[in-house]
Amino acid sequence: MLNQIERDFVSPPPPTSAFSTSGANLIPSSNTEAHQVTSQGHNESNLSASVSASNSASDVLGDSFLASNSSAPPSDFNPNSSFGTSASSGAPVPAPATSNATISANSGLASPPNAVSLTNSLNLKKTTDAALEYGDADLAAIKTSSNNRENRNFYLKQELKGHTGAIYAIQFSPCGKFVATGSFDKTVRIWEGPSTATTQKELSILKRHTLNISDLCWSEDSSLLLSGGYDQTCKTWDVENGKFLESFDCDGFVQCVMFNPADKNQFYFGTTRNVLGMTDRRKPESAISIHNDGMINSVHVFKDNSYVLTADSNGFLKTWDVRTGKTVQVVLNEPTRKPISHISVCPMTNAEEEPRYIGINSYDNVMRVYDRGLNPPDNPPRMVHALKGHKNKNWPIKSSFHRLKDGGSSTKRTGSTDDLYSKGESLFDVPDSTDKCSDPIMLLATGSADPYVYIYGISATQGANELIQKLEGHTDRVYATSFHPTEGILASCSADCTVKFWYSGRRKARQL
């Protein structure tokens, strides 16, 4: 017979009932959702105690746990339906009409308003199936004699040690001079960025969280760091002085955080109690909560400060108008509704423009790349790539984009990728193709439930992509990756408690 904690973490069936609100908490109107971590009867303090007690236990958990539910969560568990988490973004919103405003979503999963037709996924099944057909062949043929690909190959250059628990989050600072990591040892650490030295200096060890760190985000000027944890708090830190600034209570385990890119006094977070929250550091009593019908695993805030994109445990991508608390766009990532663990965005050359292409990590072991068009959310996202090879099932894996400066042949015809953007053309407005990527315009690196980092090359042709490299070096799950903002340097973090820096061949990196 399952104990209380085990029942809380059983993967849910597709929800069929409507939700009602009671105060600040979302209460399911059917027992089918009783497994979800909510405020009614599911004591998160007991779960927190379990997490804390298990930090000293060995870091072991996998598909077998989810299949049998016969053991307690390990030191690096994630309280998602099938375990999922994420990182992402932030943005400002108009001052709420009333303090502590609570907005309840009125969109049900069966027939969400403004929802993109499921044919967005189904009509592209051909592209997906073609992508799924390759995998083993790519894994066996990663190395190539092409000079261009050799130049883009990444090599292990440096390793950082210091954490005593699985490292769950990693992020380069926007200035590129620092790297922040968050761990299940309850600490946030700030390190020197990659350099010519063989080792990197640990600049700060930030200790205030009482449970595991789930996500991190830098302010745009690299002066502040935001962290979220399973102690149901978000905390801010002064990077220059390595000092704690503030702590903010949240409703549920914090899964993802992000500063408003235009105002570092505001930040967003998502929790296991289905809450998308926004807090203004200057007026914390006026925090806004928007209730979803699934755990919020990842957030991305639009540059115009009006919309927030969320990914949840029910497999939906939802765009919210933060001024009204309503969804303006709902997309089902894939028909079986597997949880989404992360949203990554491909940066634009003009940093002021809203990122057009996004990568979605999903528990079905397929990463999908969507084209959102020039003015999201004006047009429905269009899936243009489906990537396979990595393992994401049941684990909160995160990914990262790197935009190549000397993009593929399609960009060369117009001079640069930005020429295509300015003309309003899609990089993928060409016939579907299952040809592998010969000249990528961007790289997408993802962690994996095995001890590898997977790097995909994505070309300007829809469906033309290739697994370029499978990086070996870690000895346990790779939870997250982060590309340097300007250089060909990749950072990865793992359950083996280490951070590794990988340099592209162009930087003449030496292999350890």
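Numbers here are sequence positions counted from 1. Note that the structure is a prediction, hence the values are computed from the model and not measured.
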Which atom names give the shortest non-hydrogen contact between [X] and [Y], and what distance separates them?
X	Y	answer
Ser400	Phe483	OG-N, 3.0 Å
Ser173	Lys177	OG-N, 3.4 Å
Met442	Cys346	SD-SG, 3.5 Å
Leu332	Gly315	CD1-O, 3.7 Å
Ile170	Ser482	O-CB, 3.8 Å
Cys217	Val257	CB-O, 3.8 Å

**Asked** Distance under 6.0 Å and angle within 45° of the ring axis: does Arg372 meet both against Phe302?
**Response** yes
**Prompt:** For Tyr452, is the NZ or CZ atom of Lys391 found under 6.0 angstrom from the centre of its six-membered ring and inside 45 degrees of the ring axis?
**Reply:** no
Can you check whether [Y]'s main-chain N or O pairs, donor with acceptor, with [X]'s side chain at less than 3.5 Å?
X	Y	result
Asp238	Asn241	yes
Ser448	His390	no
Thr327	Thr319	no
Asp280	Pro284	no
Ser214	Val254	yes
Thr233	Ser247	no
Thr164	Asp185	no
Asn292	Val275	no
Gln329	Asn379	yes
Trp218	Gln171	yes

**Request:** Please state whether the rings of Trp237 and His209 are parallel, tilted or perpendicular, taking 30° and 60° as the class boundaries.
**Result:** tilted
**Asked** Parallel under 30°, tilted from 30 to 60°, perpendicular over 60°: which one fits the rings of Phe184 and Tyr479?
**Response** parallel
**Item:** Stepwise side chain to side chain contact (heavy atoms under 4.5 Å, CB included) test for Ile167 and Val499
**Value:** CA-CA 8 Å; Ile167 306 173; Val499 169; 3.8 Å; yes
Residue pair [X] / [Y], side-chain donor-acceptor N/O under 3.5 Å:
X	Y	answer
Tyr168	Asp215	no
Arg189	Thr187	yes
His163	Glu202	no
Ser399	Asn361	yes
Asn260	Asp263	no
His291	Asn274	no
Ser223	Lys264	yes

If I take atom [atom1] from residue [X] and atom [atom2] from residue [Y], how far apart are they, to the nearest 0.5 angstrom?
X	Y	atom1	atom2	value
Leu444	Arg403	CG	CZ	14.5 Å
Ser313	Ile296	OG	CD1	8.0 Å
Ile358	Leu309	CD1	CG	5.5 Å
Gln232	Phe253	CD	CZ	6.0 Å
Cys256	Tyr268	SG	OH	13.0 Å
Phe267	Met278	CZ	CE	9.5 Å

**Message:** Before you tell me yes or no, could you show the steps for Thr236 and Arg281 under side chain to side chain contact (heavy atoms under 4.5 Å, CB included), namely the whole-Å CA-CA distance, both residues' side-chain angles and the distance that decides it to 0.1 Å?
**Reply:** CA-CA 9 Å; Thr236 56; Arg281 299 169 56 213; 4.2 Å; yes
**Asked** Which is it for Phe269 and Phe248 under the ring-ring contact (aromatic ring centres under 6.0 Å, His included) test, yes or no, and what are the steps along the way?
**Response** CA-CA 11 Å; Phe269 61 89; Phe248 304 90; 9.2 Å; no
Does some side-chain heavy atom of [Y] sit less than 4.5 Å from a side-chain heavy atom of [X]?
X	Y	result
Tyr456	Val369	no
His474	Thr498	yes
Leu216	Leu226	no
Val366	Leu387	no
His300	Glu354	yes
Val478	Cys493	no
Ile397	Thr446	yes
Ile290	Trp320	yes

**Request:** Check the pair Val308, Leu276 against side chain to side chain contact (heavy atoms under 4.5 Å, CB included), reporting the backbone distance first and the verdict last.
**Result:** CA-CA 9 Å; Val308 176; Leu276 168 63; 4.2 Å; yes
Can [X] and [Y] be counted as an ion pair, charged N to O under 4.0 angstrom?
X	Y	result
Asp251	Arg273	yes
Asp371	Arg356	yes
Lys235	Glu246	no
Asp293	Lys318	yes

**Request:** Begin with the C-alpha distance, continue with both residues' side-chain angles, and end with the deciding distance and a verdict on side chain to side chain contact (heavy atoms under 4.5 Å, CB included) for Asn314 and Arg337.
**Result:** CA-CA 5 Å; Asn314 294 322; Arg337 299 186 178 184; 5.5 Å; no
